[in-house]
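Below is one structure, written out as structure tokens, with a few remarks after it.
Order of the sequence lines fixes the chain letters, A, B, ..., with proteins taken first and strands second; residue numbering starts at 1 for each chain. Below, each value reflects all heavy atoms present in this structure, side chains not excepted, and no hydrogens, waters or symmetry copies.
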2 protein chains.
Amino acid sequence: MSQEGVGVDLETSLGYLLKEASSALRVAMEEVLRPLGMSVTHYSCLELLAQRPGLSNSELARGAFVTRQTMNVLLQALERDGYVTRPAEAAVGKVLPARLTPRGRRSLEKASAAVRSVEARMLTGLTETEQSGAFRILQSMIHSLRGDDEGA
Amino acid sequence: MSQEGVGVDLETSLGYLLKEASSALRVAMEEVLRPLGMSVTHYSCLELLAQRPGLSNSELARGAFVTRQTMNVLLQALERDGYVTRPAEAAVGKVLPARLTPRGRRSLEKASAAVRSVEARMLTGLTETEQSGAFRILQSMIHSLRGDDEGA
DNA sequence: GAACCTATGTCAGAATGCTGACATGAGTCA
DNA sequence: TGACTCATGTCAGCATTCTGACATAGGTTC
């Protein structure tokens, strides 16, 4: 506890621990996705589209926590390789709703199973109560960090 | 289409929420560090050195959750700009212990204060009990993800 | 001592993600 | 209608991080 105005104590910092946990999760996911030839962002995009078909490029970007420029590059590659389809022209506005192709769906199946097993491993040793507690606390952190409390 | 219950449910996934929280923290840190002309990894390196003087390049890399190659690039820049010093030759082996210069220490002061304020904001609305609960749960997750349980 | 394994520092090239910028479509407001 | 604002898709350039590779130092193990 020798952090008297000195700095952030890494041993007790929840921020540091959060980063460490996130890093460990990323490494574990990369480990199981690599054999499938898939990156984490790659997988995130497919999973998002499976659960919310018709998401636009910008919406996918927000869901995967990258910029829309980054997602656009990925989406073009996925489209080129036949995992995803987008209409050539927007029905309304500029928004191009993306959808998984059968090939994309097949590809996602294995990846999704692999990722679920990683998440399950992450939660071993934690009770239901602890898990829901963690859920609530993480949501609170996100809320506070984004400053959503301001006007509300 | 038939993804009901098959995939990872993003709405209730602790893994997804963990990534979201980590992303929010990173964004918030970048926001306060940008005016100081410092990136998150940049700051992490300096903070590590302040708390554990004499860390080697590889040790710094592990502490900042990047590869040693990445940290090496950063360290060379920090050395060139006079924030950090390393001996020209290793006293023993190949390990080069790095240390902050007075300039590095000064630079870190403001950044550390800024990051502390971000972490404080993140924890607003959480009780002491919740915080220590989160600490324990995150440590458990890291432990499980890394498979430390094996031999222990 | 020799063979072996591991960890380290470092260089080089590739992949990934970001910022900046631009044009365009939709909604708002006078 | 016209001006303004905002969100979107996209191109281009830059920054950051990674993987691959190599030489070297130290600690085994025989």
Query raised in the report: Quick one: is C:dC11 close enough that its OP1 or OP2 comes under 4.0 Å of any side-chain N or O from B:Arg68?
Result: no
Requested in this report: Measure from CD on B:Gln76 to P on C:dG9 and round the result to the nearest Å.
Outcome: 11 Å
Report task. Send over the distance from B:Leu78 CG to D:dT16 C1', rounded to a whole Å. Result -> 14 Å
Query - d(CD, B:Glu31; P, C:dC18) in whole Å - result: 15 Å
Query raised in the report: For D:dT8, does OP1 or OP2 lie under 4.0 Å from any side-chain N or O of A:Arg62?
Result: yes
Query raised in the report: Rounded to whole angstroms, how far apart are CG on B:Leu75 and C1' on C:dT8?
Result: 13 Å
Query raised in the report: Of A:Arg34 and A:Ser58, whose closest DNA chain D nucleotide lies nearer the 5' terminus?
Result: A:Ser58
Requested in this report: Could you tell me whether B:Leu74 contacts a base, only the sugar-phosphate backbone, or nothing, with contacts defined as non-hydrogen atoms closer than 4.0 Å?
Outcome: nothing
Query raised in the report: Are B:Leu74 and B:Leu78 close enough that some pair of their side-chain heavy atoms sits under 4.5 Å apart?
Result: yes
**Report entry** Phosphate OP1/OP2 of C:dT8 contacted by B:Ser56 side-chain N/O (<4.0 Å)
**Finding:** no
Query raised in the report: Rounded to the Å, how far apart are A:Met71 CE and D:dT8 P?
Result: 13 Å
Query raised in the report: Touch check for A:Val92, heavy atoms < 4.0 angstrom, all strands: base, sugar-phosphate only, or nothing?
Result: sugar-phosphate
Query - Distance below 4.0 Å between A:Thr41 side-chain N/O and C:dG17 OP1 or OP2 - result: yes
Query raised in the report: Pick the nucleotide of DNA chain C nearest each of A:Gly93 and A:Phe65; which residue has the one closer to the 5' end?
Result: A:Phe65
Query raised in the report: If you check the A:Gln69 side chain, which of C:dT19, C:dT8, C:dG17 turns out closest?
Result: C:dT19
Report task. Using atom CG of B:Leu60 as one end and atom P of C:dT10 as the other, report the distance to the nearest whole Å. Result -> 12 Å
Query raised in the report: Going by heavy atoms in the side chains, are B:Ile142 and B:Leu145 under 4.5 Å from each other?
Result: no
Query - Proximity to the side chain of A:Lys94 - top-ranked nucleotide from C:dT19, D:dG9, D:dC22 - result: D:dG9
Query - Which residues share a salt bridge (charged side-chain N to carboxylate O under 4.0 Å, His left out) with B:Glu59, sequence neighbours left out - result: none
**Report entry** Atom-pair distance (NE2 on A:His42; C1' on C:dG17), nearest Å
**Finding:** 16 Å
Report task. Check the side chains of A:Ser112 and A:Glu47 for a donor-acceptor pair under 3.5 angstrom, ignoring hydrogens and angles. Result -> yes
Query raised in the report: Given C:dG9, C:dC18, D:dC18, which nucleotide is nearest the side-chain atoms of B:Thr67?
Result: D:dC18
Query raised in the report: A:Glu30 or A:Arg86: which one's nearest nucleotide on DNA chain D is closer to the 5' end?
Result: A:Arg86
Query - Residues A:Thr41 and A:Ser44: side-chain donor-acceptor under 3.5 angstrom - result: no
**Report entry** Check: A:Glu119 side chain, B:Leu14 main-chain N or O, donor-acceptor pair, under 3.5 Å
**Finding:** yes
Query raised in the report: Could you state the CG-P distance from B:Asn72 to C:dT10, rounded to the nearest angstrom?
Result: 5 Å
**Report entry** D:dT16 phosphate, OP1 or OP2, under 4.0 Å from B:Thr70 side-chain N/O
**Finding:** no
